[in-house]
Amino acid sequence: MLNYEKSTYGERIADMYDWMHSAWEPRETIDAVEGLAMGGAVLELGVGTGRVALPLAKAGLKVTGVDVSPAMLARLREKDPGGLVEAVRGDFSELPVQGRFSVVFAVNSLLQLSDPGDQLRCLIKVREHLEPGGVLAIEEANPAVFTGGGLQVAHISTDELHLVASEYDPVGQHYRAQHVILRNDGVRLNPVALRLTSPAEFDLMANQAGLRLRERWGNWARTAPYVADSRAHISFYEPI
Ligand SMILES: C[S@@+](CC[C@H](N)C(=O)[O-])C[C@H]1O[C@@H](n2cnc3c(N)ncnc32)[C@H](O)[C@@H]1O
């Protein structure tokens, strides 16, 4: 997409992000990360508005979050005026943070790196910032259920219609979509670009970064196996 930069998704969606995700309760994610951290420091890649990071910080963990979008970080700051979450503005493929973490985690953010070289650089940086015995935990979409193109109706209500127009380039594994929100007072266009990366590709990149797969599930509670039609995979990696 022309003029689409790493920060575009967040800059365009920040004021609607929490409202659009209000039906997706991240309780299982929060509990899983808290359980893995065992009181240690945690780092979120693509912290966004702090949907997951802020409850972790309120539970007493030392939480750092990196995000490339100033608008997303501004929303986080509105919700967290005391700065419980240490918010760092930057690109997680460069990982501009100090220190080591018991858990590094990402929820629906790593596919936003459109270049596989950036994805690998990100994992190498994560490995450098993991404590011995630390864990990288990621939730990313299952490409098998995501590759469609065309136009879908995401939501209809009395005052609103939410459409998703998408296209997929299988050569570059690039998925591009416009979330179009139509209301009486106007139209919003929220673009997103993803590189649909398979779990096997993540495993290979993780190996190159010095990490190996420990577990893979279809949910954070680790009760659902990851299967062909799982919406996402939740993968846990540990240092080799
Ligand atoms: C779908 S949102 C997920 C936010 C949060 N993890 C959650 O679950 O609510 C993806 C986030 O990743 C951020 N992001 C995308 N690419 C990034 C990059 N290269 N470096 C840092 N943040 C990035 C976006 O700005 C956005 O806030």
Side-chain angles (χ1 to χ4, degrees), residues 1 4-34 42-58 61 63-80 85-97 101 103-126 129 136-142 146 154 164 166 174-179 190-197 205 219-220 231-235:
M1 264 190 285
Y4 186 93
E5 297 173 357
K6 285 178 174 172
S7 61
T8 301
Y9 170 81
E11 292 301 282
R12 295 283 284 272
I13 205 169
D15 63 327
M16 309 184 91
Y17 185 84
D18 284 338
W19 168 77
M20 285 179 78
H21 290 79
S22 53
W24 292 359
E25 167 57 46
R27 189 70 254 165
E28 286 185 359
T29 314
I30 295 160
D31 290 346
V33 173
E34 195 177 358
V42 306
L43 168 66
E44 182 171 6
L45 309 175
V47 66
T49 62
R51 204 172 59 98
V52 179
L54 193 49
L56 285 168
K58 286 182 175 166
L61 290 182
V63 182
T64 303
V66 177
D67 207 287
V68 74
S69 160
M72 291 296 253
L73 292 177
R75 286 288 301 141
L76 167 59
R77 193 52 62 228
E78 278 170 36
K79 290 158 63 181
D80 179 25
V85 175
E86 186 189 344
V88 178
R89 181 178 161 190
D91 181 345
F92 48 53
S93 64
E94 293 162 11
L95 210 49
V97 296
F101 300 88
V103 180
V104 178
F105 72 99
V107 181
N108 297 322
S109 54
L110 297 185
L111 298 190
Q112 293 201 12
L113 289 173
S114 61
D115 175 357
D118 275 355
Q119 289 179 322
L120 177 58
R121 260 189 296 285
C122 176
L123 295 180
I124 290 170
K125 289 283 180 191
V126 167
H129 286 280
L136 166 66
I138 66 172
E139 172 180 346
E140 295 299 338
N142 173 5
F146 219 82
V164 182
S166 62
H174 293 300
Y175 168 92
R176 306 175 191 97
Q178 273 288 3
H179 290 248
N190 291 329
V192 64
L194 305 174
R195 178 174 178 274
L196 295 186
T197 310
M205 288 190 284
N219 66 356
W220 282 92
R231 185 187 56 78
H233 64 102
I234 290 77
S235 301

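Starting from 1, each residue takes its place in the sequence as its number. Counting starts at 1 for both ligands and their atoms, in listed order.
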Original post:
Can you name the one residue among Val66, Leu73, Val52 that meets side chain to side chain contact (heavy atoms under 4.5 Å, CB included) with Val47?
Top reply: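 Filter result, single survivor: Leu73.
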Can you tell if the side chain of [X] reaches within under 4.5 Å of the side chain of [Y], non-hydrogen atoms only?
X: Glu140; Y: His233; result: yes
X: Tyr175; Y: Leu111; result: no
X: Lys6; Y: Asp118; result: yes

Would you mind writing out a table of all protein N or O atoms found under 3.5 Å from any N or O atom of ligand 1, naming both atoms and giving the distance to 0.1 Å?
{"unit_1": "ligand 1", "atom_1": "6 (N)", "unit_2": "Glu44", "atom_2": "OE2", "d": "2.7"}
{"unit_1": "ligand 1", "atom_1": "6 (N)", "unit_2": "Gly46", "atom_2": "O", "d": "2.9"}
{"unit_1": "ligand 1", "atom_1": "6 (N)", "unit_2": "Val107", "atom_2": "O", "d": "3.2"}
{"unit_1": "ligand 1", "atom_1": "8 (O)", "unit_2": "Arg51", "atom_2": "NH2", "d": "2.9"}
{"unit_1": "ligand 1", "atom_1": "9 (O)", "unit_2": "Tyr17", "atom_2": "OH", "d": "2.8"}
{"unit_1": "ligand 1", "atom_1": "9 (O)", "unit_2": "Arg51", "atom_2": "NE", "d": "2.7"}
{"unit_1": "ligand 1", "atom_1": "19 (N)", "unit_2": "Asp91", "atom_2": "OD1", "d": "3.0"}
{"unit_1": "ligand 1", "atom_1": "20 (N)", "unit_2": "Phe92", "atom_2": "N", "d": "2.9"}
{"unit_1": "ligand 1", "atom_1": "22 (N)", "unit_2": "Val68", "atom_2": "N", "d": "3.1"}
{"unit_1": "ligand 1", "atom_1": "25 (O)", "unit_2": "Asp67", "atom_2": "OD1", "d": "2.7"}
{"unit_1": "ligand 1", "atom_1": "27 (O)", "unit_2": "Asp67", "atom_2": "OD1", "d": "3.4"}
{"unit_1": "ligand 1", "atom_1": "27 (O)", "unit_2": "Asp67", "atom_2": "OD2", "d": "2.6"}

Original post:
Do we see a donor-acceptor contact under 3.5 Å between the side chains of Gln119 and Thr197?
Top reply: yes
Original post:
Does a donor on one side chain sit under 3.5 Å from an acceptor on the other, for Ser93 and Asp91?
Top reply: yes
